[in-house]
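Reviewing the structure listed below.
Every chain is numbered from 1 and lettered A, B, ... according to where its sequence line falls, protein lines coming before strand lines. These values consider heavy atoms only, across backbone and side chains, with no hydrogens, waters or symmetry-generated copies.
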Amino acid sequence: MSKILIRGAKVLGGEPQDVLIDGAVIEAVGTGLPDEGAEVVEADGKVLLPGLVDLHTHLREPGREDSETVLTGTRAAASGGYTAVFAMANTFPVADTAGVVEQVYRLGQEHGYCDVQPIGAVTVGLEGKKLAELGAMHESAAGVTVFSDDGKCVDDAVIMRRALEYVKAFGGVVAQHAQEPRLTEGAQMNEGVVSAELGLGGWPAVAEESIIARDVLLAEHVGSRVHICHLSTAGSVEIVRWAKSRGIDVTAEVTPHHLLLTDELVRTYDPVYKVNPPLRTERDVTALREALADGTIDIVATDHAPHPHEDKDCEWAAAAMGMVGLETALSVVQQTMVETGLLDWAGVADRMSFKPARIGQAAGHGRPVSAGEPANLTLVDTAYRGAVDPAGFASRSRNTPYEGRELPGRVTHTWLRGKATLVDGKLA
Amino acid sequence: MQRHLISAADLTRDDAVLILDTAEEMARVADRPIKKLPTLRGRTVVNLFFEDSTRTRISFEAAEKRLSADVINFTAKGSSVSKGESLKDTAQTLEAMGVDAVVIRHGASGAPYRLATSGWIDAAVINAGDGTHQHPTQALLDAFTMRRRLVGRDAGIGQDLSGKRITIVGDVLHSRVARSNVDLLHTLGAEVTLVAPPTLVPVGVESWPCEISYDLDSTLSKSDAVMMLRVQRERMNAAFFPTEREYSRRYGLDGDRMAKMPEHAIVMHPGPMVRGMEITAEVADSDRCTVVEQVANGVSIRMAVLYLLLGGNEPAVTHTRTEEK
Ligand SMILES: [Zn+2]
């Protein structure tokens, strides 16, 4: 059956409409559309969004298939309403050659749950010394447009400058993990009142802010564009706001966990809360929400970072940094942004689909829900309430900070080019 | 009393005074010809040391043996944080052996808390120092020493340290002793001032219940006790202060500085002392310096803590003839 009629969905949160899919394309959007020959999905009361796009995912394949694979990661993505994810380069081997990025790209296409757009490393082996073959990765079948040493900061100012200049040749963007390495030696959590009490090494806000300040100035100087990964402090917001007001071509992302959680949780010493950049303070959380609402922060990106149980079931200092996020992102955004009145659903579509697709140049994604567009769609039951149960995750790893926490909203259907990848909350 | 002793901040004023009073009773045992009580007979206590500290381990071991516990020493030498799983593995081994209490020393802040709350183990957990976080029995023995010297050995029973002014000097940033002492001394009613170069004071310290000063000389005349912290020489390479000499000039305790302290005031040090840099030999060897007493008091405090966490409700010391063994 090639036709699907989604009946009575609130498209981008608006008035109920019918959406008719024919093959890979949206054929019509309107009211009272005929259901002849179509499989009907009753969507009464649910919100229909363009398929979500995550600019910051760790899929772990190749090299750490015990944490996640392209298959398990894209199934998790489909469960969370995503139709495209950008896979970070810090795999083993590092995605710093055309060969590795093509492999990751092809696995995504073969599995068919979600388009996987590999991110190429900025420097060879993420070592920050020598530019990787950025042009070759761009020209490969993977068509890489985003480059990042994420997990590490491109801290050498000259290398960062060269990377920003070089990718202009093919319209690429450098996504920076802003972390001044010397200021964060031995860092275990946000530096502040809680770290002082707990005696855990501090990760000061200024280590993020000083790199962002430097990089927006570099981007201005060489006339390039820079993207700031997982911005986490109120001060970073101020710098990005200033840079944008000055006309600098900078974009920024925030993770769901930085919109919801604070460093107070580290008092439990439970490594499920250990993440880089670390959870910050209530004041930072408030600033991040406001910045996402006013557009200073452009997008939400998950920084989905799967780790096996044993890497978290230990003392804090020994634990791996990171949290899974693909399957809970939309719920956290609903709670922190929609239910607080900061964003409507059109705003969510903008921050989680339109803009990330534009920043990453993901063709066919982040398109309007209208006739003639690719049928990449996500249907959300926004009235749902329930406690997060990691046992039901499609991700191979279960390191979620939300276990047992009640979050609103549930993705019930996801379509990738008209093909259902998630039906009634179950993977197809 | 709670089931575990992880942080000095977890103790109420009454808990802390009870521990100090119990330690006074325990101290009397040390004056007897046979320094042993049957209290923990048949109980097994493990000293689980992931980080070297002969002094602390011996102090706990002496306390455990005086209470007739079966003692197992487990030294996980070279067990680094990068092999983090070893804590859980070790805990489960101890659990299988039916251990009643674990005294844990670990280089990672929070490791004892994790051991007590992760469900890996049922035993009582006593923190014998974790990373730069807490060392609650050290704070208790310091408070015990202060109470004896500043309030009185018998007059001190039932008393706290209300109104006493305590100055803690040195590497506050990396010091679990400072953290534990600030918490406990505040609970006991004392006024605490931390003195250090700004580089050795943690960001966020403003939420602590104490004063901060960068000037040692101005605090001395107002101090009932001055506690010197250990400064590790490796801090110098990390640019926390310019030179050892400059540190010593600004924050070291010598005879001239000691002379500015009130006559009754004492000098404390958790040991081992770096003579010359943080404290001169003249001060260290003076009778106002309580370092040796602190060591002896450590055993009494640890007996009291073990007894109260494991011993049940009977009086710690029965005044009938104690069992000999
Ligand atoms: Zn990152």
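Looking at Q188(A), there are no atoms closer than 4.5 Å to chain B (heavy atoms on both sides), in backbone or side chain. No part of Q134(B) comes within reach of chain A, as not one of its non-hydrogen atoms sits under 4.5 angstrom from that chain. Looking at V203(B), both its backbone and its side chain come within 4.5 Å of chain A, counting heavy atoms on both sides. For R182(A), no part lies under 4.5 angstrom from a heavy atom of chain B.
Under the 3.5 Å distance criterion, the side-chain polar atoms of Y251(B) are matched with a main-chain donor or acceptor of Y214(B). A distance-only check finds no donor-acceptor pair linking the side chain of D149(A) to the backbone of C153(A) [under 3.5 Å].
Cation-pi check for R179(B) over W208(B) is not met; the charged atom does not lie both under 6.0 angstrom from the ring centroid and within 45 degrees of its normal.
Less than 6.0 angstrom separates the ring centroid of H58(A) from the ring centroid of H56(A).
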